[in-house]
Amino acid sequence: MIITPAEPNDVSKLLIFREEAAAWLRGLGSDQWSRPYPADKLLATIEAGTVFMLRDGHTTAGTITLTPEAEEGLWTEEELAEPSMFINKLTVAREYAGHDLGGRLLDWAGDRAHRAGARWIRLDAWTTNDRLQRYYLEHGFTYVRTVREGNAVNGGPRVSGWLAQRMARLANHGFTDLTPAPARLPDAA
């Protein structure tokens with residue numbers, strides 16, 4: 001499998017991917033991702049070079065967003081002073097479930113963040129999705145706190161404020177990485 005930067009023509013695939021994940025989550029009793037994500041915001045993140053696609057031939061097996069930009073209102077000034085990268089919208093196609101592709105994407109993100117000079121990879125998970133929170137804890141993340149104040153990026157009240165982090169580190173994720181080398185973070189030592 002290869003990992004590449006997403007391209008503008010991936011927007012429709014990513015929106016469908018998110019809808020499929022939301023339907024699966026609804027089946028588990030979760031309201032996660034029940035609000036549509038604005039295509040223009042998704043396109044902006046693709047154009048910023050922060051969205052990555054995991055491809056198995058012509059099939060999209062997964063996606064992850066890795067950015068040096070934190071969502072407003074989640075992390076403290078002290079935390080933001082530490083070199084960090086932030087994971088968003090990690091999704092694996094249902095047909096690839098059970099192969100720990102999500103865990104390998106987290107390892108890839110940690111590896112990329114480390115090469116950019118980050119100390120931490122951080123994320124915010126759905127506040128009411130205990131299963132997802134356990135998943136991140138099982139993959140080496142440490143719970144920081146839950147933030148409920150504020151608004152979501154796609155409108156409405158904040159619903160994704162369960163914060164966790166783990167050290168950025170080199171990893172053998174097993175993907176063929178066709179992404180350009182990451183830019184060095186400005187606050188990296």
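Here, residue 1 is the first one in the sequence, and each next residue gets the next number.
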*Looking just at side-chain N and O atoms, do Thr127 and Arg148 make a donor-acceptor pair shorter than 3.5 Å?*
no
*Is a side-chain N or O of His173 found less than 3.5 angstrom from the main chain of Phe175, in a donor-acceptor match?*
yes
_Side-chain touch Asn129/Tyr135, heavy atoms, less than 4.5 angstrom_ = no
*asked:* Using a 3.5 Å distance criterion without hydrogens, assess whether the side chain of Gln133 forms a donor-acceptor pair with backbone atoms of Trp126.
replied: yes
_Ion pair Arg166/Asp107, N-O distance below 4.0 Å_ = yes
*asked:* Any salt bridge linking Glu82 with Arg122? Criterion: basic side-chain nitrogen under 4.0 Å from a carboxylate oxygen.
replied: yes
*asked:* Is it the case that over 12 heavy atoms from other parts of the model lie below 6.0 angstrom from the CG atom of Asp40?
replied: yes
_Salt bridge check, Arg104 against Asp100: does any charged N sit closer than 4.0 Å to a carboxylate O?_
no
*What pair of heavy atoms forms the shortest contact from Gly161 to Leu74, and how long is it?*
CA-CD2, 4.3 Å
*Single-linkage hydrophobic cluster, 4.5 Å side-chain cutoff, Ile87 and Tyr143 together*: yes
*Apply side chain to side chain contact (heavy atoms under 4.5 Å, CB included) to the pair Leu15 and Glu20, showing each step before the final yes or no.*
CA-CA 9 Å; Leu15 290 172; Glu20 289 172 352; over 6 Å; no
*Transitively linked via ILVMFWY side-chain contacts under 4.5 Å: Leu132 with Leu137?*
yes
*asked:* Under the criterion side chain to side chain contact (heavy atoms under 4.5 Å, CB included), I'd like the reasoning laid out for Thr63 against Asp10: C-alpha separation, chi angles, the key distance, then a yes or no.
replied: CA-CA 11 Å; Thr63 182; Asp10 287 318; over 6 Å; no
*Atom pair CZ (Phe52) and OG1 (Thr65), whose distance is rounded to the nearest 0.5 Å*: 8.0 Å
*Give the minimum heavy-atom separation between Val144 and Ala164, together with the two atoms involved.*
CG2-CA, 4.1 Å
_Looking at Glu79 and Arg119, is there a salt bridge between them, counting it only when a charged N and a carboxylate O are closer than 4.0 Å?_
no
*Got Leu123 and Tyr136 here, is their nearest side-chain heavy-atom distance under 4.5 Å?*
yes
*asked:* Check whether Thr91 reaches the backbone of Lys89 with its side chain - one donor and one acceptor, N or O, closer than 3.5 Å.
replied: yes
*asked:* To the closest 0.5 Å, what do you measure between CG (Leu80) and CD (Glu72)?
replied: 10.5 Å
*Are the side chains of Leu185 and Met85 in touch, meaning some heavy atoms are under 4.5 Å apart?*
yes
*Compare all side-chain heavy atoms of Tyr96 with those of Thr59 and state whether any distance is below 4.5 angstrom.*
yes
_Spacing of CG belonging to Leu14 relative to CG belonging to Leu42, to within rounding of 0.5 Å_ = 5.0 Å
*Would you tell me whether Asp124 and Trp162 have side-chain atoms, one donor and one acceptor, within less than 3.5 Å of each other?*
no
*Nearest 0.5 Å please: distance from the CG atom of Leu105 over to the CZ atom of Arg112.*
12.5 Å
*Would you say the side-chain atoms of Thr67 pair up with the backbone N or O of Glu69, donor to acceptor, closer than 3.5 Å?*
yes
_Common cluster, Met53/Ile46, ILVMFWY with side-chain heavy-atom separation under 4.5 Å_ = yes
*Can you tell me how far OG1 of Thr179 sits from CD1 of Ile3, rounded to the nearest 0.5 angstrom?*
7.0 Å
_Before you tell me yes or no, could you show the steps for Leu101 and Leu54 under side chain to side chain contact (heavy atoms under 4.5 Å, CB included), namely the whole-Å CA-CA distance, both residues' side-chain angles and the distance that decides it to 0.1 Å?_
CA-CA 9 Å; Leu101 288 185; Leu54 180 62; 4.1 Å; yes
_Parallel, tilted or perpendicular: rings of Phe86 and Trp75 (30°, 60°)_ = tilted
*asked:* Would you compute the distance between atom CD1 of Ile121 and atom CD of Gln165 and round it to the nearest 0.5 angstrom?
replied: 10.0 Å
*How far apart are the closest heavy atoms of Ala118 and Ala168, and which atoms are they?*
O-CB, 3.5 Å
*4.5 Å side-chain heavy-atom contact, Phe141 and Leu106*: yes
*asked:* For a quick test of reading the model, state the closest non-hydrogen atom pair linking Leu66 to Ala113 and the distance between them.
replied: CD2-N, 4.4 Å
*Mind checking whether Leu178 and Arg55 have side chains closer than 4.5 Å, heavy atoms only?*
no
*Side-chain heavy atoms under 4.5 angstrom apart, residues restricted to Ile, Leu, Val, Met, Phe, Trp, Tyr: same cluster for Met1 and Leu90?*
yes
